[in-house]
Amino acid sequence: MNQALEIYNTLSRKKEVFKPINAPFVGLYVCGPTVYSDVHLGNCRTFISFDLVYRYLIHLGYKVRYVRNITDAGHLEGDRDEGDDKFAKKAKLEQLEPMEIVQRYTLGFRHIMAEFNALPPSIEPTATGHIVEQIEMTKKLIDNGYGYEVNGTVYFDVDKYAKEQDYGILTNRKLDDLLDNSRELNGQDEKKGRLDFALWIKAKPEHIMRWPSPWGEGFPGWHIECSAMSKKYLGNTFDIHGGGMDLAATHHTNEIAQSQGCNHTHPVNFWMHANMLTVNGVRMSKSAGNGFLPGELFTGNHPLLQKGYSPMAVRFFMMQTHYRSTLDFSNEALQASEKGFAKLMSAMETLNSLKHSPKSSVNCAELSKNCYAAMNDDFNSPVVIANLFEGVRIINSVHAGTETLTEQDIQLLKKLFNDFVIDILGLKTEKSETSSTALKEVMQVILDIRADAKNKKDFATSDKIRDELLKHNITIKDTKEGTIWTL
RNA sequence: GGUCUCGUGGCCGAGCGGUUAGGCAGAGGUCUGCAAAACCUUGUACAGCGGUUCAAAUCCGCUCGAGACCUCCA
């Protein structure tokens, strides 16, 4: 690895060499889910993308503090600081405490992420656990002149902020354009400017989730939690902030304004945004109703799905697309990935039984170099995979006897595959129904009978055994080293 | 309307000035009793039209088409 890691920075709209503020430490913040319903598959793609980032940074030797929040309060139905609280609404619907909703979907979320083999973050702070920090930040913003209170609700003064700073810096938007495209204030509005957003919201009498504050009982606005928690755990300026692309224009723009307004410094060096997941070319979204849940994807229990796809096959599918490209789900694409993934993992197994030769007929060092070059180029996992498949070809060729490898090169390949497939891409072999010893013994008996039949040229019997077993998803392969079976 | 992406062979998907991306599917071959797996060989690809250049999928302009954000979503 002789070149540096380059990361595409949304802020500058180009790739920049990654330099941590305080190496070997790296601060990484990713906007987490709002836990009022089952995790959306699109969320999963974002978190899996950042899992790749996290894993690669660790692989490079950085000490990463990865913070991903859980939004369990303060997220309203509309972003106009009105409408129902999402948790309260769902709680009412299911006749539960809001915190029961939070608990249920937090556990569900963690379960799904574990299925995808995503490493848990170092810290997973909740909004409700950081009310004090959010109030403090709001106070500071008022003190600094960027916040104002109206009837128990505190707003951020975008107009004032925009006079001193570039409010639309992240998405390259001009204030006038933003104003042109935002809704007119009507007589009922409390805010001064139409771009102003709430830092703290006064609780209506019926509101269950509420906390005392200098402005009366209420709850925090959505954007302030990320500013408050990233500041608390990563400091006023940290290395990388990630999230889905849809968050850039509003949520992250406001986050920057809040942090800048509070700390007088831009909070983040590298802004990274993962692209959307689409179905038939259209963004999969909660409101469009064109999506399926991760669980449905695994079981295939959805009209859009022909069959179920395992978490690892899906993860591999995601890794075959760059995180900044949209990823389109289709059965055809999923099935292609499923087979490719199986091929990759089976080659990894073959690698363990490879015989070495006095000299190598292929260049393995080149492969390793290419893999690092790809990752260093803004985490280009598709190119990593292309190179790994060159490795697969080599492994299978050596196994077939058409290429040779030295003992040293075999070790190098083992390390390469372990580093990239397991550690960095985060893929793992899927255990097929932990075959019991009893099953193994039975299979051995059956295979012995079949071998006898074959020796006697009784192919009717041997083929019958093979065909019948296949019906029960047991595949038989006759290799030079004998017959093997897989479930 | 504004701010941006993107249009690559049957499908998915990299590349972003000169060299085979890769996977899946298809075709032919080797191996096998037959399969399976594997290996070898194999593809009229770069939306269209102009321009820059010795050289363009890759840069510039226009046209057509798709999508995202600007309104809750990662």
Side-chain angles (χ1 to χ4, degrees), chain A residues 13 30-34 36-37 39-50 75-80 83 86 168 171-174 176-183 222 242-251 253 273-278 281-288 291 316-317 320-322 324-344 346-347 350 370 374 377 380-390 392-393 395-403 454 457-459 462-463 466-467 470 475-480 483-484 486:
Chain A
R13 285 170 294 283
V30 174
C31 290
T34 303
Y36 69 100
S37 66
V39 226
H40 182 73
L41 195 61
N43 286 239
C44 295
R45 141 101 134 152
T46 295
F47 301 139
I48 289 169
S49 295
F50 286 103
H75 208 152
L76 299 184
E77 283 287 302
D79 198 38
R80 292 169 179 172
K86 287 182 173 177
T171 46
N172 196 25
R173 267 167 240 226
K174 294 190 174 55
D176 290 345
D177 296 333
L178 287 165
L179 281 167
D180 284 350
N181 290 305
S182 68
R183 180 185 70 122
W222 175 36
M245 258 177 199
D246 53 346
L247 295 183
T250 307
H251 182 55
T253 291
H273 290 95
N275 214 138
M276 300 293 103
L277 193 144
T278 61
V282 182
R283 172 176 176 189
M284 188 192 274
S285 70
K286 288 175 187 175
S287 44
F316 178 77
F317 173 62
Q320 272 189 305
T321 302
H322 186 85
R324 281 191 291 114
S325 298
T326 52
L327 174 66
D328 195 54
F329 260 69
S330 69
N331 283 284
E332 224 179 343
L334 241 12
Q335 278 161 33
S337 285
E338 192 176 46
K339 287 184 188 171
F341 174 62
K343 184 174 173 179
L344 178 69
S346 118
T350 306
N370 291 345
D377 182 17
N380 197 331
S381 55
V383 170
V384 170
I385 290 173
N387 279 289
L388 288 173
F389 271 108
E390 174 60 17
V392 168
R393 207 211 92 236
I395 291 166
N396 287 331
S397 295
V398 171
H399 190 63
T402 53
E403 303 273 14
K454 277 181 70 174
K457 305 256 185 245
D458 178 8
F459 297 122
S462 67
D463 287 355
R466 187 173 64 199
D467 295 343
L470 191 60
T475 310
I476 293 215
K477 291 178 201 168
D478 295 324
T479 70
K480 279 177 212 149
T483 302
I484 57 168
T486 48

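Bear in mind that the values here come from a model prediction, so they are computed numbers and not experimental data.
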Taking the [atom1] atom in each of [N] and [M], what is the distance between them to the nearest angstrom?
N     : M     : atom1 : result
B:C59 : B:G9  : C1'   : 24 Å
B:A68 : B:U58 : P     : 26 Å
B:G29 : B:A66 : P     : 44 Å
B:C16 : B:U53 : P     : 24 Å

Reckon [X] touches a base, only the sugar-phosphate, or nothing at all at heavy-atom distances under 4.0 Å?
X        : value
A:Ala249 : sugar-phosphate
A:Gly32  : sugar-phosphate
A:Leu277 : base
A:Gly243 : sugar-phosphate

Subject >> Secondary structure string for RNA chain B (Watson-Crick or G-U under 3.5 angstrom, | for other-strand pairs) >> reply: (((((((..(((.....[...))).(((((.......)))))....(((((..]....))))))))))))....
Subject >> Over 12 non-hydrogen atoms of neighbours within 6.0 angstrom of NE2 in A:His399 >> reply: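 It does not: A:His399 NE2 has 12 such atoms or fewer within range.
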Between [options], which nucleotide gets closest to the side-chain atoms of [X]?
X        : options             : result
A:Arg173 : B:G2, B:G22, B:A74  : B:G2
A:Thr250 : B:C70, B:A14, B:C73 : B:C70
A:Pro382 : B:G23, B:C70, B:A14 : B:A14
A:Thr46  : B:A74, B:C12, B:A25 : B:A74

Minimum-distance pair of heavy atoms, taken over all atoms of [X] and [Y]:
X        : Y        : result
A:Gly244 : A:Thr46  : N-CG2, 3.9 Å
A:Lys454 : A:Phe459 : O-CE2, 4.1 Å
A:Thr321 : A:Thr326 : CG2-O, 3.9 Å
A:Asn172 : A:Arg13  : CB-NH1, 3.5 Å

Original post:
Between A:Ser325 and A:Gly340, which has a closest nucleotide on RNA chain B that is more 5'?
Top reply: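 By nearest-heavy-atom nucleotide position, the 5'-most residue is A:Ser325.
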Original post:
For RNA chain B, whose closest nucleotide is more 5', that of A:Asn43 or that of A:His322?
Top reply: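 Comparing both residues, the 5'-ward one is A:His322.
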Find out whether [X] and [Y] are in side-chain contact, i.e. whether some heavy atom of one side chain is under 4.5 Å from a heavy atom of the other.
X        : Y        : value
A:Gln320 : A:Leu327 : no
A:Leu388 : A:Leu344 : yes
A:Ser397 : A:Thr402 : yes

Subject >> A:Phe317 CZ - B:C11 P separation (whole Å) >> reply: 15 Å
**OP:** Quick one, give me the B/S/- string for nucleotides 29-43 of chain B, reading 5' to 3', where B means a protein heavy atom under 4.0 Å from the base and S means that only happens at the primed atoms, P, OP1 or OP2.
**Re:** ----BBBBSSSS---
Original post:
Between A:His251 and A:Trp222, what is the ring plane arrangement, given parallel below 30°, perpendicular above 60°, and tilted in between?
Top reply: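 Parallel, since the angle between the ring planes stays under 30°.
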